[in-house]
**Q** 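Below are the structure tokens for one structure; questions will follow.
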Amino acid sequence: MTHAHIPRRWYENAVFYQILVGVFNDTEGRGIGKLKGIAEKLDYLQWLGIDCLWLSPFYASPLRDDGYDIADYRAVHPDYGTMEDFEDLIAAVHARGMKLITDLALNHTSMDHHWFQESRKDPHGRYGDYYVWGDDPHRYPEIRIIFTDVETSNWSFDEVRGQYYFHRFYKEQPDLNYDNPDVHEEVLSLIDFWMDKGLDGFRLDAIPYLYERDGLGGESLPETLEFIEKLRAHMDKHYPDAFMVAEANQPPAETREYFGDGDRVHMVFNFPLMPRLYQAIATSQASPIVEIMPELLHLPAGAQWGNFLRNHDELTLEMVTEIERDLLYSAFLPDDSMRAHLGIARRLAPLMDNDRAKIELMFALMFGLPGAPFLYYGEELGMHDDSSLQDRDAVRTPMQWEPGPGAGFTTSDTPKRPIVGGEGISVAEQRHDPHSLLRFTRSLIAARKAHPELGIGNYEAIEVAEPALLAITRTLKVEDRVIASDPLSSAPLVCLYNFAPHPLAIPPQALANLSGIGRVEIGSVEAGTEIRSGDVIPAFGFFWLTAQ
Ligand code: NOJ
């Protein structure tokens, strides 16, 4: 039986790059990054191979939660520039054939939002029912607290209204009431506001938490999934080329719910996979990855995972078992000042002890396992973090463009956050050094683009006796090409990843799909090198191999 072929969509194999506007590039010498500053760096991002930028919130906000507390959904925070700067940025991004998505926190607003201000003053007025108000601060006992370092309850008392309001995050972020149809209308209308400016899509922040129900809690409820379907239908009707990526940090099976039958979101961040990559490094075992993969395959048409290693939050350990969490803490949390909530606020390079092989191995997994990769700004340089900063600010320090005091980020003596620095850790130092991490990342992205099967192709684990070796075959069917220029690569690509701290001899089974001899496309030895069984793969090394 033949199925009608549904063409692949652009986002399914795009390379994404996450930017925090306030720390990326300051064009005014005031210590704060600007939207204009991003426009100036598009050359760099295009040179690196980035297809789509994701901007974390840049809306009007008191910045209690770095902008995820939105006070006006339709205004640009004056620190970052103007609406015109934003429109210019979209135009500049599109002129290069790149794409832009932004972040929308729809579960909650800032307390400063005029909806909340009206709601607290006038329970019977137009906004009286926009938030989740109540008289019992013990309602919804099933609902876990997310910001455990700061909050002890999901309810806070409001003196003005004389009632409690519900908040999943900081008390300055009251949850919107999705039982109120007016809230739906507001959300669809602000989505139109931004989409009509030409955006290519959204990241949906904290999307599992829209509804709460007695006895059922407040995560992934049927009503929430139904609202996402409504959002998707709206997007499909009005903006059919755009896409939405969900932040749904839930257990694996529940995470998949966000794809629905291809009628919910287009993409979901791969929270099920992420901690397992760290676990594999910590234990020198491929099994944490091998075991989760079957749960992540066979998505509905048009659906894709968003793979990531790090982002602007802590490396979250909410969804792993207690045993796994202890293991990950003992491997990656040498000092409690680096902990944030139920996770670790460190960047990738320090997590990997600045060990180049381990960093490259992690990148190769993010770029080489099914999904679309999301690179967090500065990781391509191996940037360090600053654990003296509060909460997750440790991993939100300014991008390092050049060596020296302002790091090329700003000419101000008082940057928004301290510059971490470090010898050799800047774009200027790495761009022309063929051995730099930046140049490695760029080559990896190029190799990934030459092999679209890495993102969207068939995945098959190869059984090998060596527990530290992950061996996978990836193949692409002609009809899976995302864009017409993608190569017709139906030959298998074999990916080998060594989690052992020592070299391993490659077993014959690993190369059987290549008739025993592979040629390195990219990896821990020079491209083009022939690899046969018995040859070694270096400690924490990896190879992507094609047939000789
Ligand atoms: C998830 C975001 O990634 C995080 O930074 C934020 O604090 C919460 N959602 C609340 O919006």
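What's counted below: heavy atoms across the whole structure, side chains too, no hydrogens, waters or symmetry copies. First listed ligand is number 1; within each ligand, the first listed atom is number 1.
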**Q** Is it the side chain (CB and beyond), the backbone, both or neither of Arg396 that lies under 4.0 Å from ligand 1, heavy atoms counted?
**A**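 Looking at Arg396 and ligand 1, just side chain atoms fall under 4.0 Å.
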**Q** Is the positively charged end of Arg347 above the ring of Tyr377, judged by distance under 6.0 angstrom from the centroid and angle within 45° of the axis?
**A** yes
**Q** Using heavy atoms and a threshold below 4.0 Å, how should the contact between Phe147 and ligand 1 be classified: side chain, backbone, both, or neither?
**A** side chain
**Q** Using the ring of each side chain (for Trp, its six-membered ring), is Phe243 parallel, tilted or perpendicular to Tyr11, with breaks at 30° and 60°?
**A** parallel
**Q** In the protein, what heavy atom is nearest to atom 1 (C) of ligand 1, and what distance, to one decimal place, separates them?
**A**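 Answer for atom 1 (C) of ligand 1: Asp205 OD1, 2.9 Å.
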**Q** Within the 4.0 Å heavy-atom shell around Arg392, which atoms of ligand 1 are there?
**A**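 Result: 4 (C), 5 (O), 6 (C), 7 (O).
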**Q** Does the Lys NZ or Arg CZ of Arg74 fall within the cation-pi geometry relative to Phe193 - under 6.0 Å from the ring centre and within 45° of the axis?
**A** yes
**Q** Distance under 6.0 Å and angle within 45° of the ring axis: does Arg64 meet both against Tyr170?
**A** yes
**Q** Where does Arg203 meet ligand 1, judged by heavy-atom distances below 4.0 Å: at the side chain, the backbone, both, or neither?
**A** side chain
**Q** Any idea which protein heavy atom is nearest atom 4 (C) of ligand 1, and the distance to it?
**A** Asp313 OD1, 3.3 Å
**Q** Please work out whether the ring planes of Tyr376 and His312 are parallel, tilted or perpendicular, with thresholds of 30° and 60°.
**A** tilted
**Q** If you count the atoms of ligand 1 from 1 in the order shown, which ones are under 4.0 Å from a heavy atom of Asp65?
**A** 6 (C), 7 (O), 8 (C), 10 (C), 11 (O)
**Q** Below 3.5 Å, can you tabulate the donor-acceptor pairs from side chains in residues 365-373 to any protein atom, sequence neighbours excluded?
**A**
none

**Q** Given Arg139 and Asp136, is the salt bridge (charged side-chain N to carboxylate O under 4.0 Å, His left out) satisfied, shown in steps?
**A** CA-CA 6 Å; Arg139 198 175 175 188; Asp136 176 9; over 6 Å; no
**Q** Starting from atom 8 (C) of ligand 1, locate the nearest protein heavy atom and write down its residue, its atom name and how far away it is, to 0.1 Å.
**A** Phe169 CE2, 3.7 Å
**Q** Against heavy atoms of His108, which atoms of ligand 1 measure under 4.0 Å?
**A**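 Once the distances to His108 are compared, the set is 10 (C), 11 (O).
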